[in-house]
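Structure record follows, encoded as structure tokens.
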Amino acid sequence: MIENRPLLAIASHLVLLLGVAMVALPVWITFVGASHEAERMLQVPIPMWPGDQFFVNLKQTFWGSGLSGTATAPVWMMMFNSLMMALMIAFGKIAISLLSAFAIVYFKFPFRMGFFWMIFITLMLPVEVRILPTFEVIAKLGMLNSYWGLTVPLIASATATFMFRQVFLTIPDEMLESARIDGAGPMRFFWDIVIPLSRTNIAALFVILFIYGWNQYLWPLLVTTDSDMSTIVVSIKQMLEAAEQSPQWNIIMMTALLAMIPPIFVVIAMQKLFVQGLTETDK
Amino acid sequence: MLKRVHFPASYLPYLLVAPQVIITVIFFIWPASQAVYQSFLIEDAFGLSTEFVWFENFEYLWGDSHYRSAFGRTLFFSAAVAFLSMSFALILAGFADRIVRGATAYRTLLIWPYAVAPVLAGALFLFMFNPTIGIFPYVLDMIGYDWNHYLNGSQAMFLVILAAAWKQVAYNFLFYLAAMQSIPKSITEAAAIDGAGPIRRFATIIFPLISPTTFFLLVINATYAFFETFGIIHAVTQGGPANSTTTLVYKVFNDGFVGLDLGGSAAQSVILMILVIGMTVIQFRFIEKRVQY
């Protein structure tokens with residue numbers, strides 16, 4: 001505290017609370033929308049205070065087939081697909097990045113830098129700039145409408161490899177020397193020393209990658225043509241399209257709520273790891 | 001880069017890098033080179049024959065007023081998103097930095113929109129601004145303003161900017177607050193002793209000292225607005241009305257998957273790739289600088 005200005009302190013809190021309210025307003029309106037009957041959501045003005053239909057809508061959305069009159073899969077199934085996709089992307093990225101960073105830092109072998117630059121290039125090729133040819137590759141490999149097709153093309157990661165490389169470089173050389181004196185081979189050293197020492201980094205990265213995986217949109221939109229394989233984030237768009245004919249905003253808003261709760265929960269519950277992950281990967 | 005002590009060469013390191021390298025080659029390098037190759041081809045309307053045309057696709061894009069206006073629109077969109085979300089985050093972080101107790105509580109309350117998928121952010125704003133039932137059109141109607149983003153291009157643009165900026169406030173706030181909290185207290189205290197009030201201190205000390213963060217966030221926000229806002233635009237406006245919200249990434253998708261113009265879409269992809277490479281280079285040079293600083 002530099003100076004004592006009670007008025008300014010109160011004003012600061014007021015501005016921040018106003019900011020929080022502005023940021024939270026869209027989600028509040030969504031929550032209110034998810035707690036009324038479908039008919040109520042068609043009368044102008046729409047309510048700003050929650051109704052009593054929240055659990056009815058929740059049950060209908062989660063176990064029912066989502067929106068009536070559309071070809072979307074049940075919401076619980078799409079949430080399961082999203083979960084699978086998020087977990088496979090997070091685990092896959094972490095696993096292959098750990099291995100390749102370990103090879104690049106701890107081994108001297110021909111083409112080491114060649115492989116390093118090859119991985120570096122992926123940083124410059126986000127899925128958005130190569131959608132069509134990547135889609136063709138997946139189609140040729142017969143991976144459309146499968147978890148593999150959803151996740152594997154997104155798994156290569158330069159940022160994760162760089163981050164682990166950075167972490168491994170901080171591990172003292174004496175660790176390796178003593179491990180070798182004790183007769184540990186490379187993989188033994190990897191499992192017993194490297195992995196335990198980078199545990200918090202792995203956890204922080206996992207939080208970021210889980211959110212990244214859960215929120216994927218363009219890629220699942222292209223790869224899943226079968227509604228049973230659709231993810232919940234993609235289904236929102238289909239529901240919005242259907243809403244133009246038969247507006248059931250309560251169900252759509254409930255689905256939106258269900259789609260955003262898991263990643264928001266992860267951010268808030270693991271805030272410390274999340275912040276660490278964000279600042280470490282620097283994207 | 002390599003450890004002073006390391007394991008001897010064997011087949012093992014190749015096995016270790018294999019998964020990453022195989023995925024990189026099959027799903028990154030091969031498709032990207034295909035995109036480059038296809039950008040030199042023109043396919044006839046029935047997909048029966050293709051012709052190698054060198055830079056004709058690029059020349060066509062250069063002369064295409066739709067593409068040029070999409071380019072300008074994307075720049076405007078990115079600048080607007082970056083400005084809106086960064087200035088909002090800067091103001092909030094400036095006030096949060098003053099608070100002795102509870103700054104982390106505000107951080108918790110402000111960072112969660114980061115976890116909301118862009119397409120969901122689009123859905124929420126679409127609901128709030130729905131011309132028939134949305135709450136904002138209702139309020140605007142009371143003051144005599146007619147809102148319909150399905151018909152009005154600038155209103156549609158405003159809506160996607162708002163949704164994209166809303167989601168990015170969390171990220172900017174987090175980095176601004178961290179940057180402000182890392183400024184040594186002695187500097188601001190010295191300024192206070194010299195008689196500088198809070199606003200003056202912010203303008204002459206805090207803001208200049210966090211300028212590296214501002215620059216970093218500018219690059220990150222521009223990349224975000226370019227590449228990650230596809231979901232928002234796809235959900236809210238589908239590039240319309242009359243292409244008034246079609247950004248470059250949306251156009252690649254639309255021309256390739258809807259219009260099936262492979263050569264043109266590939267040429268657009270190549271231009272985007274060059275843009276990403278430029279942004280990555282800027283980002284890396286900045287990170288190097290920050291290490292020295």
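All values below were derived from every heavy atom in this structure, side-chain atoms included, with hydrogens, water molecules and symmetry-related copies excluded. By convention in this document, chain letters (A, B, ...) are assigned in the order of the sequence lines, proteins followed by strands, and residues within each chain are numbered from 1.
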Region of [X] that comes under 4.5 Å of a non-hydrogen atom in chain B:
X	value
A/V266	neither
A/Y212	neither
A/I29	both
A/L221	side chain
A/P110	both
A/Q216	neither
A/L154	neither
A/F274	side chain
A/L141	side chain
A/L132	both
A/M143	side chain
A/A24	both

Top contributor to chain B interface from [options] [non-hydrogen pairs under 4.5 Å]:
options	answer
A/I121, A/L17, A/L25	A/L17
A/E136, A/Q166, A/M260	A/M260
A/G92, A/P263, A/A156, A/G33	A/A156
A/I268, A/V267, A/V137, A/L16	A/L16
A/I261, A/L98, A/V234, A/I171	A/I171

### Message
The test is side-chain hydrogen bond (donor to acceptor under 3.5 Å, both in side chains); show your working for B/R107 and A/Q271 and say whether it passes.
### Response
CA-CA 10 Å; B/R107 197 179 70 176; A/Q271 197 186 147; 3.1 Å; yes

Can you give me the closest heavy-atom contact between [X] and [Y], atom names plus distance?
X	Y	result
A/I211	B/A115	CG2-CA, 3.9 Å
B/G231	A/Y217	CA-CD2, 3.5 Å
B/A235	A/K237	CA-CD, 3.9 Å
B/A123	A/M253	O-CE, 4.3 Å
B/P19	A/I96	CB-CG2, 3.6 Å
B/A117	A/V233	CB-CG1, 3.9 Å

Counting only heavy atoms from other residues, nucleotides and ligands, does the tally under 6.0 Å from [atom1] of [X] exceed 12?
X	atom1	answer
A/W28	CH2	yes
A/M187	CE	yes
A/F265	CZ	no

With a 4.5 angstrom heavy-atom cut-off, is it the side chain or the backbone of [X] that approaches chain A, or both, or neither?
X	result
B/Q268	neither
B/I26	both
B/L120	side chain
B/S33	neither
B/V276	side chain
B/F125	side chain
B/F136	side chain
B/M128	side chain
B/F227	both
B/I99	side chain
B/L174	side chain
B/V25	side chain
B/V249	side chain

### Query
So, A/R130 side chain and B/F27 main chain: donor-acceptor pair closer than 3.5 Å or not?
yes

### Query
When you measure from the side chain of B/W166 to the backbone N and O of A/V23, does any donor-acceptor pair fall under 3.5 Å?
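It does hold such a pair.
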
Using 0.5 Å steps for rounding, measure from the [atom1] atom of [X] to the [atom2] atom of [Y].
X	Y	atom1	atom2	answer
B/Q20	A/I155	CD	CD1	9.5 Å
B/H234	A/L240	NE2	CG	11.0 Å
A/N215	B/Y114	CG	OH	8.5 Å
B/F95	A/L18	CZ	CG	10.5 Å

Please rank [options] by heavy-atom pairs under 4.5 Å with chain A and give me the top one.
options	result
B/V169, B/I111, B/I271	B/I111
B/T108, B/V252, B/L109	B/T108
B/I133, B/L126, B/L110	B/I133
B/V139, B/T104, B/I277	B/I277

### Message
Below 30° counts as parallel, above 60° as perpendicular, anything between as tilted: where do the rings of A/F109 and B/Y14 land?
### Response
perpendicular

### Query
Less than 4.5 Å apart, any side-chain heavy atom of B/V17 and any of A/L99?
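No, too far: nothing below the 4.5 Å cut-off.
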
### Side-chain heavy-atom pair A/T134, B/F28 within 4.5 angstrom cut-off
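Sidechains of B/F28 and A/T134: no contact.
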
### Task
For side-chain contact (heavy atoms from CB on, under 4.5 Å), just list the numbers for A/I264 and B/V116, CA-CA rounded to whole Å, side-chain angles, deciding distance to a tenth of an Å, and then say yes or no.
CA-CA 7 Å; A/I264 288 181; B/V116 177; 3.9 Å; yes

### Message
Suppose we screen for salt bridge (Lys or Arg N to Asp or Glu O under 4.0 Å). Which residues come up paired with B/K251, at least two apart in sequence or across chains?
### Response
B/D255

### Query
Are the aromatic ring centres of B/Y106 and A/H13 under 6.0 angstrom apart?
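They qualify: ring centres under 6.0 Å apart.
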
### Message
I'd like to know whether A/F190 forms a side-chain contact (heavy atoms from CB on, under 4.5 Å) with B/L16, so could you lay out the CA-CA distance, the side-chain angles of the two residues, the decisive distance to 0.1 Å, and finally the verdict.
### Response
CA-CA 11 Å; A/F190 180 69; B/L16 292 173; over 6 Å; no

